[in-house]
Amino acid sequence: MYVVVAGETVQPVGGAARRPADLAGAVGELEAAERPRWVWADAREAYPPLLERGVRVARCHDLALTEGLLLAHEGRYGEPRTARAAHARLHGLPVPEEQPSAPGTLFAPEPLGAEAMAEVLADQLGRIAALPEPGRFRLLVAAESAGALVAAEMSYDGMPWRRDVHDALLTDLLGPRPVHGMRPAKLQALADEVTAAFGHQVNPDSVQQLVKAFKAAGVALKTTRSWELKQIDHPAVAPLLAYKELARLFSFHGWVWADQWVRGGRFRPEYVVGGVVSGRWATNGGGALQIPKVMRRVVVADDGWVLVVADAAQLEPRVLAAMAGDGGLARAAGQIDLYSALAQSFGGERDNAKIAMLSAMYGGTSGDASKLLAVMRQRFPKAYQFVEDAAKAGEDGHLVRSWLGRTSPPPSARWKELVSGPEGTRAARDRGRFTRNFVVQGTAAEWALALLAVLRGLLPEPARMVFFQHDEVMVHCPIGQAEEVIAAVSEAAAEASRLLFGSTPVRFPMEAVAVDSYADAK
DNA sequence: AGACTAAGCGCC
DNA sequence: AAAGGGCGCTTAGTCT
């Protein structure tokens with residue numbers, strides 16, 4: 001059963017609209033009684049108020065996310081995907097632009113009515129049914145919508161973040177918190193060392209100044225990337241490298257960041273479901289997906305609780321093995337360490353197997369890649385051909401799709417121009433690498449979404465998912481639930497694999513550990 | 001002064 | 001040794 005939530009109105013599809021005095025309460029009651037699939041224009045706006053009231057739901061259909069998936073599949077990538085825009089298109093009305101502004105802004109338009117939303121839903125279900133693989137796409141829509149629920153819940157619950165530990169770490173590395181606009185003492189000392197090494201004032205944050213200063217010292221640099229700096233012999237290099245590393249911590253994840261993003265001992269980033277074209281999530285502020293490893297020790301479970309941290313091992317090559325139906329690769333992917341299982345095909349070298357697989361999935365060409373790819377082509381022809389086909393499609397300007405049907409953006413007008421010009425080959429190859437990777441990364445993202453959706457349903461109260469990063473998930477739960485949660489993770493991984501690929505020899509190991517601090521997970 | 005891009009580097 | 005996919009975020013520096 002689908003039940004539309006439009007503003008303060010609740011309306012079962014085909015039933016009568018109600019305007020309950022207590023919307024959250026009514027949703028909670030209906031959820032307990034019927035477990036319907038809730039339909040909303042955008043979970044980012046509809047769900048947080050329910051969470052505030054302690055109401056959680058099992059399933060939903062997010063009209064905006066679904067519209068985005070459908071538009072892309074239809075080759076209409078970039079058209080506005082809000083429920084309102086979808087409704088306007090249905091009726092030949094002017095299509096409103098997507099509002100980039102945050103929910104709750106002053107000029108937010110009136111919410112779409114329940115009848116209009118039901119029309120959009122019916123239209124979307126019809127378009128899905130007409131697809132060549134409707135079953136897969138339905139799974140994609142369900143997983144994407146479940147992702148929207150998980151994302152809102154994770155933002156609401158937040159990841160444990162100990163400000164005292166964070167402050168101690170920063171103070172240890174940088175010196176005490178400086179007054180606004182100043183560098184911390186240790187950072188300033190390193191900047192001074194750089195200046196001393198050059199014999200004149202140089203701002204280590206300025207690429208221009210650095211290149212100029214090195215040039216004057218007789219060192220020609222193309223860039224100031226740290227790997228390039230490491231190659232040169234000059235007294236400024238050591239303090240500069242140290243400065244770069246610490247400056248990043250200070251400005252990205254320092255005290256100012258914590259003031260803005262950590263509240264009540266929780267870090268609450270805003271996740272953007274499907275924010276990456278491949279289907280990966282992005283974040284909007286907070287840099288949640290780029291937390292430096294050195295900061296993981298700041299993530300500590302509450303007293304009496306633990307963090308269950310789980311990551312999918314070698315997810316992308318396993319996904320490729322399952323998609324391509326490559327028997328040899330699938331057999332290797334039946335092992336816990338896929339690369340070790342492949343090693344004998346690559347002269348006994350695990351590293352070579354890894355380079356071959358990564359080059360195949362990313363389009364790498366350097367070093368030994370071409371030699372190793374030739375081995376891969378011979379040993380694992382179907383897997384090799386699968387990514388080659390995706391690359392060829394991209395080079396030819398075609399669309400590619402993930403396993404469940406997420407579709408790549410079409411080539412831009414700029415690309416079409418470029419590809420017929422003198423730099424055409426380069427442009428074509430760049431897009432080929434993108435589409436080559438898209439099919440693998442996109443399907444890996446689908447597997448991860450399915451995992452989240454299933455795991456969410458298996459977790460016992462009061463365990464909570466508190467972090468998700470592409471192929472890694474963190475659950476915060478009482479110590480006594482650790483074993484149950486760990487078991488739930490591997491069950492969810494198996495179920496995600498079954499949902500996407502049915503019966504396959506490929507295994508998707510998801511090993512979970514219960515730790516007190518994130519830093520102890522690996 | 002604000003909007004923009006490029007460089008650089010963190011994560012997967 | 002330093003290339004190949006996807007991002008977000010900050011500072012410098014430039015443009016308007």
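Numbers restart at 1 for each chain; the letters A, B, ... are given by sequence-line order, proteins then strands.
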Inset, instruction - Check every strand shown and say whether Q469(A) touches a base, only sugar-phosphate, or nothing at a heavy-atom separation below 4.0 Å. - result: sugar-phosphate

Legend entry - Euclidean distance, atom OH of residue Y271(A) to atom P of dG8(C) [Å, nearest integer]: 14 Å

Inset, instruction - Would you mind classifying the nucleic acid contact of S278(A) as base, sugar-phosphate or nothing, using non-hydrogen atoms under 4.0 angstrom? - result: nothing

Inset, instruction - Decide, yes or no, whether a salt bridge links R183(A) with D205(A) under the criterion of side-chain N to carboxylate O below 4.0 Å. - result: yes

Inset, instruction - Please work out if V277(A) contacts a base, only the sugar-phosphate, or nothing of the nucleic acid, heavy-atom cut-off 4.0 Å. - result: sugar-phosphate

Inset, instruction - Classify the nucleic acid contact of G275(A) as base, sugar-phosphate or nothing, counting any heavy atom under 4.0 Å across all strands shown. - result: nothing

Legend entry - Protein-nucleotide distance (K244(A), atom NZ; dT10(C), atom C1'), rounded to Å: 12 Å

Inset, instruction - Measure the distance from CG on L289(A) to C1' on dG5(C) and round it to the nearest whole Å. - result: 16 Å

Inset, instruction - Taking all non-hydrogen atoms of both residues into account, name the closest pair between L65(A) and A148(A) and its distance. - result: CD1-CB, 3.7 Å

Inset, instruction - Looking at every strand, decide which applies to R429(A) at a 4.0 Å heavy-atom threshold: base, sugar-phosphate, or nothing. - result: nothing

Inset, instruction - Would you mind classifying the nucleic acid contact of R248(A) as base, sugar-phosphate or nothing, using non-hydrogen atoms under 4.0 angstrom? - result: base

Inset, instruction - Would you indicate what D311(A) reaches in the nucleic acid, counting non-hydrogen atoms under 4.0 angstrom: base, sugar-phosphate, or nothing? - result: nothing

Legend entry - Between dG6(C) (P) and L358(A) (CG): distance, integer Å: 15 Å

Inset, instruction - Measure from the side-chain heavy atoms of S251(A) and tell me the nearest of dT10(C), dC7(C), dA2(C). - result: dT10(C)

Legend entry - Start and end of the DNA chain B segment that chain A contacts, any atom under 4.0 Å from a heavy atom: dA7(B) to dC12(B)

Inset, instruction - Figure out the CE/C1' separation between M361(A) and dA3(C), and round it to whole Å. - result: 15 Å

Inset, instruction - Please list residues of residues 183-211 of chain A whose heavy atoms come under 4.0 Å from any atom in DNA chain C, ordered by number; otherwise none. - result: N203(A), D205(A), S206(A), Q208(A)

Inset, instruction - Hey, which sits more toward the 5' end of DNA chain C by its nearest nucleotide, W227(A) or A288(A)? - result: W227(A)

Inset, instruction - Determine yes or no for a side-chain-to-main-chain donor-acceptor pair under 3.5 angstrom, with D62(A) supplying the side chain and A43(A) the backbone. - result: yes

Inset, instruction - Using a heavy-atom cut-off of under 4.0 Å over every strand shown, decide if F252(A) touches base, sugar-phosphate, or nothing. - result: base

Inset, instruction - Round to a whole Å and report the spacing from CZ of R433(A) to P of dC7(C). - result: 14 Å

Inset, instruction - Determine the contact category for I291(A): base if any of its heavy atoms lies under 4.0 Å from a base atom, sugar-phosphate if only primed atoms, P, OP1 or OP2 are that close, otherwise nothing. - result: sugar-phosphate

Inset, instruction - Compare the aromatic ring of Y362(A) with the six-membered base ring of dG4(C) and state whether they stack according to the 5.5 Å and 30° rule. - result: no

Inset, instruction - Examine distances only and state if a side-chain atom of W415(A) and a backbone atom of A427(A) form a donor-acceptor pair shorter than 3.5 Å. - result: yes

Inset, instruction - Please find out if less than 6.0 Å separates the ring center of W255(A) from that of W261(A). - result: no

Inset, instruction - Hey, can you tell me if F198(A) and F214(A) have their rings parallel, tilted or perpendicular (30° and 60° cut-offs)? - result: perpendicular

Legend entry - Salt-bridge contact D389(A)-K392(A) (side-chain N to carboxylate O under 4.0 Å): no

Inset, instruction - Classify the nucleic acid contact of R225(A) as base, sugar-phosphate or nothing, counting any heavy atom under 4.0 Å across all strands shown. - result: sugar-phosphate

Legend entry - V300(A) and P160(A), any side-chain heavy atoms less than 4.5 Å apart: no

Legend entry - Ring geometry between F508(A) and F501(A) (parallel below 30°, tilted from 30 to 60°, perpendicular above 60°): parallel

Inset, instruction - Sequence neighbours left out, what passes side chain to side chain contact (heavy atoms under 4.5 Å, CB included) with A258(A)? Give chain and number order. - result: R163(A), H166(A), V262(A)

Inset, instruction - Measure from CH2 on W261(A) to C1' on dG8(C) and round the result to the nearest Å. - result: 11 Å

Legend entry - Atom pair distance, as rounded to whole Å: NE2 in H253(A) and P in dC9(C): 9 Å

Legend entry - Side chains of M295(A) and L170(A) in contact at under 4.5 Å (non-hydrogen atoms): yes

